[in-house]
Amino acid sequence: MEEKVEVEVDRKYLDWPLHEPLDNHQKIIQMIHPRTNPREKFQVLLNVNDVNIDKAGQYPASIMLFNMKNEEIGKVEITFNVQRMRSNQEKSKKPQKNNKDKKKMPKKAKWIIGILIVIIAICLALLYTGHKRNQQQALENARQSRQIKDNAKKIKNQADANKQLLQEVAGLKGAIDKYKKDGDKAALQNELNNLANQNSQLAQQGIGDQAKINDLTNALQAIAQNPDNASQIIQQLEQKDGYNSLVNRVQSAVQGLLP
């Protein structure tokens, strides 16, 4: 058997119209142009058994070369790309159709274009309104959130201030009890100075009502200096607005100091 030779072709990928018959093998062979090197006489057979011309897709085919002894001397694989293609008649008709459409379009499409413009304008207005409303809602939510946090902080600060004032009252009571027992004025004065420093820090922090803190500080200091006049000092404090609850706390704290 003769040795195989290398087969060359101009095209291994061939576009083929859908439903176009494959009966003219010579035409297809001329399109592919098979040849061998070295050149010699040969016959060509085209195998397109796997190509389905009625369904778009890519199908394998082969070209086989035979010598004069009817021996196969070479073979090359090619691909048929079956697809729908426009005919020359369709191509020539399409511009005429477009020209007719262009002539008819201005008369029939004006009202459609107007409606589309109105619809687009409405959609843009709705989008802008919704965006603006969402922005305002987000700002309002942020403002309310800050307000809630601020209120919570103020409530906590006020509670802390009241707690500290009550602790100072308790400390004052303990200092006076100790003074009654040992008569140590230096120790009493030292305790009063500590309480005054605490009130000063409370006032600097801006926690609670500063005027009430100052009035209560003065009242506690006066009671500490002269326990016999505690009733009169408390009565004076009661005459000021907003001191009922604080006065009750002070009254219960210094009850044991009154004669």
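Given the structure is predicted, the values throughout are model-derived calculations rather than measurements. If you read the sequence from its start, that first residue is 1, and numbering goes on from there.
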Taken to the nearest 0.5 Å, the spacing of Q221 CD from N193 CG works out to 9.0 Å

Say you draw a straight line from CG of L65 to CD of E71; how long is it, rounded to the nearest 0.5 Å? 13.5 Å

Rounded to the nearest 0.5 angstrom, the CZ-CD1 distance for R11 and I32 is 8.0 Å

Modelled atom types, side-chain donor and acceptor of Q198 and N194, under 3.5 Å: no

Can you give me the closest heavy-atom contact between V7 and K75, atom names plus distance? CG2-N, 3.7 Å

Side chain proximity check, D54 to H19, heavy atoms < 4.5 angstrom: yes

Only counting residues at least two apart or in another chain, list the ones meeting side-chain contact (heavy atoms from CB on, under 4.5 Å) with A222. I233

Counting neighbours of NE2 on H131 that are heavy atoms of other residues, nucleotides or ligands and sit closer than 6.0 Å, is the number greater than 12? no

Spatial distance of atom OH (Y59) from atom CD1 (I53) [nearest 0.5 Å]: 10.0 Å

Could you tell me whether the side chain of W16 reaches within less than 4.5 Å of the side chain of V48, counting heavy atoms only? no

Check whether any side-chain N or O of N190 sits under 3.5 Å from a backbone N or O of A186 as a donor-acceptor pair, and report yes or no. no

Say whether L14 and V44 are linked into one hydrophobic cluster, either directly or through other cluster members, by side-chain heavy-atom distances under 4.5 angstrom. yes

Look at the side-chain heavy atoms of Ile, Leu, Val, Met, Phe, Trp and Tyr, link any pair under 4.5 Å apart, and say whether I28 and M64 land in one connected group. no

Using a 4.5 Å cut-off on heavy atoms from C-beta on, say whether the side chain of P34 contacts that of V76. no

Do Q136 and E140 have side-chain N/O donor and acceptor atoms under 3.5 Å apart? no

Show which residues join V118 in its hydrophobic cluster (side-chain heavy-atom contacts under 4.5 Å, direct or indirect), or state none. I122, L126

Quick check for you: to the nearest 0.5 Å, what is the distance between L124 atom CG and I119 atom CD1? 12.0 Å

Membership question, hydrophobic clusters at under 4.5 Å side-chain separation (ILVMFWY): are L46 and I73 in the same one? yes

Just so I know, are the side chains of V82 and K55 near enough to count as touching, which here means a heavy-atom distance under 4.5 Å? no

For the student: nearest non-hydrogen atoms of S62 and E77, plus distance: CB-OE1, 3.8 Å

Flag yes if M31 and V9 sit in one hydrophobic cluster, no otherwise; membership is Ile, Leu, Val, Met, Phe, Trp, Tyr, and two members link when side-chain heavy atoms are under 4.5 Å apart. yes

Between the main-chain N or O of N141 and the side-chain N or O of S145, is there a donor-acceptor pair closer than 3.5 Å? no

So, do L22 and V51 sit near enough that their side-chain heavy atoms are less than 4.5 Å apart? yes

Looking at NZ of K69 and CD of Q43, how far apart are the two atoms once the value is rounded to the nearest 0.5 Å? 14.0 Å

